[in-house]
Amino acid sequence: MVDSHLRSLLANHLIDVPSSDRHTVKPWFQGKIEFAPPVPDLTVQGFVLAGGRLDVIDARKVAAIVYKRRDHVVNLWIPRETPPGANPN
C-alpha cells in the first residue's frame with residue numbers, strides 16, 4: 001500500500017476524477033470496478049475530498065478515494081468485500 005501511495009505521487013496519477021463532490025466521485029467508478037465504493041464525508045475531521053482514481057493492490061482493482069489535509073495527501077483504498085470463505089482472486 002505504501003508503494004501504491006508513493007506511485008500515485010510520483011507518477012502524477014493522483015486523481016482520475018478531480019472533484020470535492022461525493023456525488024460526482026462515487027458514480028465515476030460505475031463500470032470501472034465491480035462495486036460502488038463508499039465516499040465518506042470527512043470534512044468535519046479536516047479532510048477535504050480531492051477526487052478518486054482506480055488503483056491495483058494485490059492484483060485486484062480497488063477504488064482510491066483521495067483526500068487532502070493541509071499540505072498532505074491521504075489515499076483511502078477501498079477493495080471489494082469478499083464474502084467469508086470465498087476466494088478473493
Step-by-step side-chain contact (heavy atoms from CB on, under 4.5 Å) determination, L49 to I65: CA-CA 8 Å; L49 179 63; I65 310 301; 3.6 Å; yes

Atom of P38, atom of I78 and distance for their closest heavy-atom approach: O-CD1, 3.2 Å

Straight-line distance of R53 CZ to W28 CH2, nearest 0.5 Å: 10.0 Å

Rounded distance [0.5 Å steps], CZ in R22 versus CG in D41: 5.0 Å

Shortest non-hydrogen contact from I15 toward A50: CD1-O, 3.5 Å

E34 CD: over 12 foreign heavy atoms closer than 6.0 Å: yes

Donor-acceptor pair, side chain of R70 and main chain of G46, under 3.5 angstrom: no

Residue pair V56, V62: steps toward the side-chain contact (heavy atoms from CB on, under 4.5 Å) verdict: CA-CA 6 Å; V56 176; V62 299; over 6 Å; no

Same apolar cluster (I L V M F W Y, side chains within < 4.5 Å links), V39/V74: yes

Shortest non-hydrogen separation from P27 to T24 and the atoms involved: CD-O, 3.5 Å

Where A64 and F29 come nearest, the two heavy atoms and their spacing: O-CZ, 4.0 Å

N/O donor-acceptor pair under 3.5 Å between D55 side chain and K61 backbone: no

Donor-acceptor contact below 3.5 Å, side chain D21 vs main chain H23: yes

From F35 atom CZ to R80 atom CZ, the distance as rounded to the nearest 0.5 Å: 8.5 Å

Shortest non-hydrogen separation from L76 to P40 and the atoms involved: CD2-CG, 4.0 Å

Spacing of CG belonging to N75 relative to OH belonging to Y67, to within rounding of 0.5 Å: 11.0 Å

Linked, directly or transitively: V73 and V48 (ILVMFWY side chains, under 4.5 Å): no

